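As structure tokens, the structure follows; a few thoughts come after it.
In this chain, residues are counted from 1 in sequence order. Keep in mind that what you see is a predicted model, and the values were worked out from it rather than measured.
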Amino acid sequence: MRFIVCGDIHARNKPEGALTTYRRLVRAISAKAIAEGCQFVFFAGDLIHEKHCVLVEMLIYLYEEFAWARARGVTWVLMPGNHDIPAKHKPTVTILHLFRHVARVYTSRAKLKGDGWSIYLNPWRLPEQFKAQCKDLAQM
């Protein structure tokens, strides 16, 4: 199986014209995945930069791009980074859930398996939680 791993787009509303730039970036990553025969794009966090002042237009653009990729056989797998989590006391509540109909969203560790492959996902957490999750994943 082939896939792309990327992260830290930090899509934001500024400067002027940034929305188009981020949309093109997501499309370029999806197009590369399609051209390379990849089934997944694993996104390792920080899709959004400004977690408390996100434009609806940007969310719509990202949603449309993930839908475009999925219609062509590429699924984005989204994990939150520290910018995608709205509150430290609720690390599993994330803006990424808005994309759950056009992408896979994982807010806790997981093991994905396919024919002859497996991958472990370990989304961002506060340092002590992250260390504990890494230990658990190592035992898996």
Side-chain angles (χ1 to χ4, degrees):
M1 183 187 76
R2 297 175 61 104
F3 55 86
I4 292 176
V5 178
C6 59
D8 294 284
I9 288 177
H10 285 273
R12 58 191 319 173
N13 306 331
K14 301 171 186 171
E16 181 125 357
L19 294 178
T20 302
T21 301
Y22 291 115
R23 184 174 195 162
R24 286 181 184 158
L25 178 59
V26 172
R27 175 65 63 99
I29 294 167
S30 296
K32 179 69 173 170
I34 294 164
E36 296 292 329
C38 298
Q39 184 179 356
F40 297 104
V41 172
F42 291 99
F43 192 83
D46 291 342
L47 178 66
I48 306 296
H49 182 73
E50 298 164 315
K51 56 188 165 191
H52 299 298
C53 58
V54 178
L55 286 179
V56 171
E57 184 180 9
M58 181 173 59
L59 297 173
I60 292 169
Y61 279 1
L62 291 170
Y63 189 96
E64 290 172 346
E65 289 306 314
F66 297 145
W68 182 87
R70 189 168 218 165
R72 287 153 183 82
V74 174
T75 300
W76 280 67
V77 177
L78 306 174
M79 292 176 288
N82 63 314
H83 285 258
D84 304 312
I85 297 174
K88 290 181 182 179
H89 66 284
K90 289 188 175 184
T92 59
V93 176
T94 172
I95 196 167
L96 299 180
H97 283 109
L98 295 172
F99 306 116
R100 68 186 178 278
H101 297 294
V102 293
R104 290 189 189 174
V105 178
Y106 291 89
T107 57
S108 58
R109 68 179 185 269
K111 179 181 179 182
L112 305 182
K113 296 171 85 174
D115 187 24
W117 64 272
S118 62
I119 189 166
Y120 299 87
L121 306 177
N122 194 16
W124 183 87
R125 289 285 189 270
L126 294 172
E128 289 307 313
Q129 292 173 317
F130 189 76
K131 287 178 192 176
Q133 285 184 183
C134 287
K135 185 179 176 181
D136 290 345
L137 282 172
Q139 291 175 358
M140 291 173 86

Separation of Glu64 CD from Ile60 CD1 (nearest 0.5 Å): 7.0 Å
Nearest-0.5 Å distance, CD1 of residue Ile34 to CD1 of residue Ile29: 12.0 Å
Test your reading of the model: is there a side-chain donor-acceptor pair from Asp46 to the backbone of His83, 3.5 Å cut-off? yes
If only atom types and distance count, is the side chain of Asp84 paired as donor or acceptor with the main-chain N or O of Thr94 below 3.5 Å? no
Quick one: closest heavy-atom pair of Trp76 and Ala103, and the distance? O-CB, 3.2 Å
Classify the side-chain pair Glu57/Tyr61 by whether it contains a donor and acceptor separated by less than 3.5 Å. yes
Is the number of heavy atoms from other residues, nucleotides or ligands under 6.0 Å of Arg72 CZ greater than 12? yes
Considering only Ile, Leu, Val, Met, Phe, Trp and Tyr, and joining two whenever side-chain heavy atoms are under 4.5 Å apart, list the other residues clustered with Met1. Phe3, Val5, Phe40, Phe42, Val77, Met79, Tyr106, Leu112, Trp117, Ile119, Leu121
Parallel under 30°, tilted from 30 to 60°, perpendicular over 60°: which one fits the rings of Phe99 and Tyr63? tilted
As a test of understanding, state which of Arg27, Arg70, Arg24 forms a side chain to side chain donor-acceptor pair (under 3.5 Å) with Glu65. Arg27
Sequence neighbours excluded, which residues qualify as salt bridge (Lys or Arg N to Asp or Glu O under 4.0 Å) partners of Arg100? none
Name all residues meeting the salt bridge (Lys or Arg N to Asp or Glu O under 4.0 Å) criterion together with Glu36; count only those two or more places apart in sequence or in a different chain, and write none if there are none. Arg2, Lys32
Quick one, Ile95 and Leu59 - any side-chain contact, counting heavy atoms below 4.5 Å? yes
Taking the side chain as C-beta and beyond, is there a heavy-atom pair between Ile48 and Leu62 under 4.5 Å? yes
Passes side chain to side chain contact (heavy atoms under 4.5 Å, CB included), Phe66 versus His101? Steps please. CA-CA 9 Å; Phe66 297 145; His101 297 294; over 6 Å; no
